[in-house]
Amino acid sequence: MSNALLEKAKTLEPMNPNKSTALFGGESSGILNWNDIAYPHWYKMYKRLIGNYWQADEINMNDDLRQFATLTDAERDTYLKVIGLLSTLDGPQTRTALLLSLYATDPSVQSIMAVIAQQEAVHNESYSYVLSSIVSLDEQNEAFQLGRTDPILLKRNEAIIRQYNAFVEEPTIENTLKTMVYTSLLEGMFFYSGFAFFYHLARQNKMVGTSTMISYINRDELEHGRFIAELFRATLAENPDLNTAEFTDWVYSRFSESVDLEIEWSQYVLADIDGIDLDEMAGYIKYRANKMLRMMGLSEIYPEHTENPMKWIRAYADNFDGTKTDFFEQKSRQYTKTSDLNGFDDL
Ligand code: ZN
Ligand code: ZN
C-alpha cells in the first residue's frame, strides 16, 4: 500500500459521498459542506487562516527606505541574505501546498491548502515588495539569486529540495507523510532565525515596516505549522501500517539533522550582527523543533530546551491567538471579523 502511487483526487464525482472516506487515497464527491466533514474542528483552523488576510503593499516602507542607508554593512548584507533565504522557503511552499491539495481526497483539506497556498503567494510577493522599496533592481535580483548560488544556503536546503521533488515524482502516501514532515520543519523552524533577525532590528526601532510584514508572515506560518501537524497526525492514524518505529526514527533523524543545519546557517548569516547571542539562537531553534515534534504527536528530542530562551521575541511573535491586538497594530487586523458570521462559526 505505502509504495502505491496516489491518484489525484477527482474534481467532481457525484457517485462518491460528500464526506470523504480518507484524507489521501479515499473517495469524496468534491462537494464541500463544512457541517459534514471528517475532522469537524478543522473548520476553526480554516476560519483562523482566512481571518489573517493581509497584503504586502498595506505596509508603509518609507521609514525603512530612509533607515536602510543607516544600517551597518553587516546588517544590510544580512538583511538581503535573510530575504533571499525566506524566498527559497515560500517559493516551494506555494506549490507544495497546491500539490498536497491535489492528492488530498478530503474537500476540507483541499480548501485549507488552497488558503495556505494563497498566503504563501502573498509571502513571496512581500519579499519583492520590501526589496523593491529599499534597494536597486540589481541588488534585488542578487538577493533572489542566493538560493541558487550560496553554498551554505544550498546545503541547508538540500534535503527539503530532495523530499519536495520526490513527492512530485512519486506521490505515494509515504512521500506525502515525509513531505508533511519537511513542511512542519519549514513552517515551524526554518523561518525562525530569519524572523529573529528582523525582530532584533525592530527592538532597536530599525526597519519596523519590514518587521511588521515579517510578523504577519510569522503569524501565518504558525497557523500553517499547526494545520500540517494535525494533518500529519490524522494521516498517520489513517495509515497505521506506516506508523512504525522505523518511520518515527526517520522523523527524529530529519529533525536533528535539520536543527544542525539551521544552527550552522544561523551562525553564518548572523555572525556579524551585534546583540544576537548565537548560543541563544541555537537554543531557540531547538525549542522550535521540540514544539513542532510535540504538535506532531511525537516526543521532544532536546529535553534541555523546552523553554523559549529568547523571551523578547514573544513581543513580536509566538503569542498570536486571534484575539489580542498584535504588537505593531497595523490595519490588517481589521480583516479578522469572525463575529460577523451570524452564528456560522458556532459549528
Ligand atoms: Zn510562507
Ligand atoms: Zn507557510
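Residues take their numbers from the sequence shown, with the count starting at 1. Atoms within each ligand, like the ligands themselves, are counted from 1 in listed order.
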Check: Closest N/O/S atom of H123 to the Zn ion (ligand 1), by atom name?
Finding: ND1
Note to self: Suppose you place the vertex at the Zn ion (ligand 2); what is the angle out to H224 ND1 and E187 OE1, to 10°?
What the structure shows: 110°
Notebook entry, point to check: Where the Zn ion (ligand 2) is the centre, what is the OE2-to-OE1 angle for E120 and E221, rounded to 10°?
Noted result: 140°
Next item on the list: Look up atom NE2 in H123 and atom CD in E221, then write down how far apart they are to the nearest 0.5 Å.
Entry: 5.0 Å
Notebook entry, point to check: For D90, what is the atom name of its N, O or S atom nearest to the Zn ion (ligand 1)?
Noted result: OD1
Note to self: Would the distance check show the side chain of Q140 and the main-chain N or O of V135 forming a donor-acceptor pair, the cut-off being under 3.5 Å?
What the structure shows: yes
Checklist line | No-hydrogen, no-angle side-chain donor-acceptor test under 3.5 Å, Y316 and N218 | finding: no
Next item on the list: May I ask you to decide if M15's main-chain N or O and E13's side chain share a donor-acceptor pair within less than 3.5 Å?
Entry: yes
